[in-house]
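So the structure is just underneath, and the comments pick up after that.
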Amino acid sequence: MSPTNTTPAAAALHTELASGVELWREKVHALARDIHANPELSFEEVRASAAIVELLREGGFEVETGTSGLPTAFTATVGSGELTVALCIEYDALPKIGHACGHNLIAGASIAAALALAPHADALGITLKAIGTPAEEHGGGKAIMLEAGAFDGVGLALMVHPVQDGITYNPAGTSAQAVGRYRATFTGKAAHAAAAPHLGVNAADAAVLSQVAVGLLRQQIPGDHRIAMYVAEAGHVTNIIPELAVVEFECRAFTLPEYESLLVRVRRCFEGAALATGTGLTIESTEPLYEPLSQDDDLAAHWTAAMDFFGKDTSPAAGLGGGSTDMGNVSQVIPSLHPWLSIPGADVPIHSHAFAALADTPEAYTVMFEAATALAWTTADAASNPQQRQRFIAAAYTRQD
């Protein structure tokens, strides 16, 4: 079993790696289903993290838990080669709707690939790290871990992400948006809503005006920019003029300069609402900035060859029109691959109850194991190509103080 146009040695290795994925299929399948059945929110993935660590230890990995000071993060390592490869593992879920982004499949694909690669790490001349990265949905686990040193020395990083059916498996040229998330707090003055409303300063009014201003701004921004917001607090009873209102919001764009420009315009909407209502205003960041995603061309070519073997659509992509990932932060400083995994029959949006259900179907797990095999092949092919290997070794990440 191997993609076409490879040497006999590469073909033999591909066959062994595919067999390795099959060897661990039952246990990885059970683990992925358990993660789906027991969704845990960002930084709270205690059950998932422990179960993944246990399986990786069974597969011969040395595991450090609590990486970067995050209790549910870990780093599992095997091999001692000059080239360090990171397979990123995600396992957090969304509030109320569970694994509606398919992180159970992300975890399963990276884990199965890591277990298949482990016996070949030294022969490939790699140090293989399976890095457990919590809080992708909210919290920026990878951004925190990158800054804390978890990716120091890594020369290439890989993972996959499920999406709807019909999206090409060719990741070349695709990206994801930068996103920053913020909390705007308006401070007014409480008063009796019937006896003395004129003595109050209504913070809820400021929240309403900010929503209206942002809504009008949307007509004047590029079509691939995104603004989202909701009112987290704006009063509690009808007979008190609200003295506090809190609005959570985010801005997204495909480049950092565009993102910064958009953020300035959105902040002015909040500042104008505060000015109009006479309220105080503070705006604070609630999460690390997620940077745009950059796909490495060589890794994308290896992955696409593997997907051709599995008969997937690998036509050139027009790019994705939305979404963000903290893998973007990694990809800005380390050659990375974050391809898209189409779930057959998934004609519903991600981050929905329907998509969560489809992430736990036989069809989803079939493509998860195909992706695991493709990740293993991509890693092996990149490590075995002399020119690419040297480029990745030279690209080993070192934090800048």
Side-chain angles (χ1 to χ4, degrees), residues 18 21-22 24-42 45 47-49 51-52 55-56 87-94 97-116 130-137 141-142 157-169 171 174 176 293 303 306-307 310 312-313 320 323-327 337-379:
V21 171
E22 287 300 310
W24 291 97
R25 176 183 285 267
E26 184 176 346
K27 290 185 177 182
V28 173
H29 184 209
L31 175 58
R33 295 208 65 193
D34 185 71
I35 291 172
H36 188 280
N38 297 279
E40 298 167 301
L41 301 182
S42 296
E45 316 95 326
R47 179 188 178 113
S49 177
I52 296 168
L55 187 57
L56 289 171
L87 285 166
C88 295
I89 305 171
E90 296 177 3
Y91 35 89
D92 60 317
L94 288 155
I97 56 176
H99 281 288
C101 209
H103 287 197
N104 60 309
L105 304 175
I106 295 172
S110 288
I111 294 164
L115 291 168
I131 303 181
T133 61
E136 187 276 338
E137 294 293 358
K142 293 184 196 64
L158 310 92
M159 60 171 288
V160 298
H161 196 294
V163 289
Q164 303 96 320
D165 197 2
I167 294 178
T168 176
Y169 277 74
T174 64
L293 176 66
W303 166 272
M307 287 296 104
F310 287 114
K312 306 301 185 184
D313 174 15
L320 291 183
S324 305
T325 171
D326 57 4
M327 188 67 175
L337 185 71
H338 182 283
W340 316 102
L341 178 71
S342 292
I343 298 179
D347 57 355
V348 297
I350 63 173
H351 289 204
S352 68
H353 289 285
F355 194 87
L358 288 165
D360 189 40
T361 59
E363 293 80 9
Y365 292 118
T366 295
V367 293
M368 179 187 81
F369 284 112
E370 290 173 344
T373 304
L375 284 175
W377 287 351
T378 298
T379 301

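Keep in mind it's a predicted model, so treat the numbers as computed, not measured. Heavy atoms only: backbone and side chains are in, while hydrogens, waters and symmetry mates are out.
Separation of atoms CD1 (Ile89) and CD1 (Ile52) is listed at 5.5 Å; rounding is to 0.5 Å. To the nearest 0.5 Å, atoms CG (Leu293) and OG1 (Thr174) are separated by 6.5 Å. Distance CG/Leu375 to CE/Met159: 9.5 Å, rounded to 0.5 Å. Taking CD1 from Ile167 and CD1 from Ile343, the interatomic distance works out to 10.5 Å, rounded to the nearest 0.5 Å. Tyr169 contributes atom OH, which lies 4.5 Å from atom CG of Leu341 (distance to the nearest 0.5 angstrom). Atoms CG and CD1, from Leu87 and Ile106 in turn, are 13.0 Å apart once rounded to the nearest 0.5 Å.
With a 4.5 Å cut-off on side-chain heavy atoms, Met368 and Asn104 do not count as touching. In this structure the side chain of Asp92 never reaches within 4.5 angstrom of the side chain of Pro134, judged on heavy atoms. When side chains are defined from C-beta on, Glu370 counts as touching Val367, because their heavy atoms get closer than 4.5 Å.
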Identify all side-chain donor-acceptor contacts of residues 347-359 below 3.5 Å with residues at least two apart in sequence or on another chain.
residue	atom	partner	partner atom	Å
Ser352	OG	Pro349	O	2.6
Ser352	OG	Phe355	N	3.2

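Taking the six-membered ring where tryptophan is involved, the planes of Trp377 and Phe310 are essentially parallel, since the angle between them stays under 30° and well short of 60°. Using a 30° and 60° split on the angle between ring planes, His338 and Trp340 fall in the perpendicular class, above 60°.
Not a single salt bridge (charged side-chain N to carboxylate O under 4.0 Å, His left out) links Glu137 to another residue, sequence neighbours left out. In this structure, the ring pair (Phe, Tyr, Trp, His ring centres under 6.0 Å) partners of Tyr365, at least two apart in sequence or on a different chain, are His29. Asp165 is linked by a salt bridge (charged side-chain N to carboxylate O under 4.0 Å, His left out) to nothing, counting only residues two or more places apart in sequence or in another chain. Considering only residues two or more places apart in sequence or on other chains, Glu45 meets the salt bridge (charged side-chain N to carboxylate O under 4.0 Å, His left out) condition with none of them. Checked against side chain to side chain contact (heavy atoms under 4.5 Å, CB included), Glu22 has the following partners two or more places apart in sequence or in another chain: Arg25.
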| message | Determine whether Asp360 and Arg33 satisfy the following criterion, side-chain contact (heavy atoms from CB on, under 4.5 Å), listing intermediate values before the conclusion. | response | CA-CA 7 Å; Asp360 189 40; Arg33 295 208 65 193; 3.2 Å; yes
| task | Could you please spell out the steps behind the side-chain contact (heavy atoms from CB on, under 4.5 Å) verdict for His36 and His103? | result | CA-CA 8 Å; His36 188 280; His103 287 197; over 6 Å; no
| said: Quick one, Trp24 with Leu55, criterion side-chain contact (heavy atoms from CB on, under 4.5 Å). Give me CA distance, side-chain angles, the key distance, then yes/no. | reply: CA-CA 10 Å; Trp24 291 97; Leu55 187 57; 3.7 Å; yes
| said: Test side-chain contact (heavy atoms from CB on, under 4.5 Å) on Thr325 and Glu90; report intermediate values, then the result. | reply: CA-CA 11 Å; Thr325 171; Glu90 296 177 3; 4.2 Å; yes
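Ser110 contributes a side-chain N or O that, together with a main-chain N or O of Cys88, makes up a donor-acceptor pair within less than 3.5 Å.
Shown here for Leu94 and Cys101, the closest heavy-atom pair between the two residues is CD1-N, 4.2 Å. The shortest non-hydrogen separation linking Ser324 to Ala176 is CA-CB, 4.1 Å. Minimum heavy-atom separation, Leu105 to Pro162: CD1-CB, 4.1 Å. Counting all heavy atoms, side chain and backbone alike, Leu41 lies closest to Ala93 at CD2-O, 3.7 Å. In this structure, Gly166 and Ser342 approach most closely via the heavy-atom pair N-OG, 4.0 Å. The heavy-atom pair separating Gly141 from Asp326 by the smallest distance is N-OD2, 3.2 Å.
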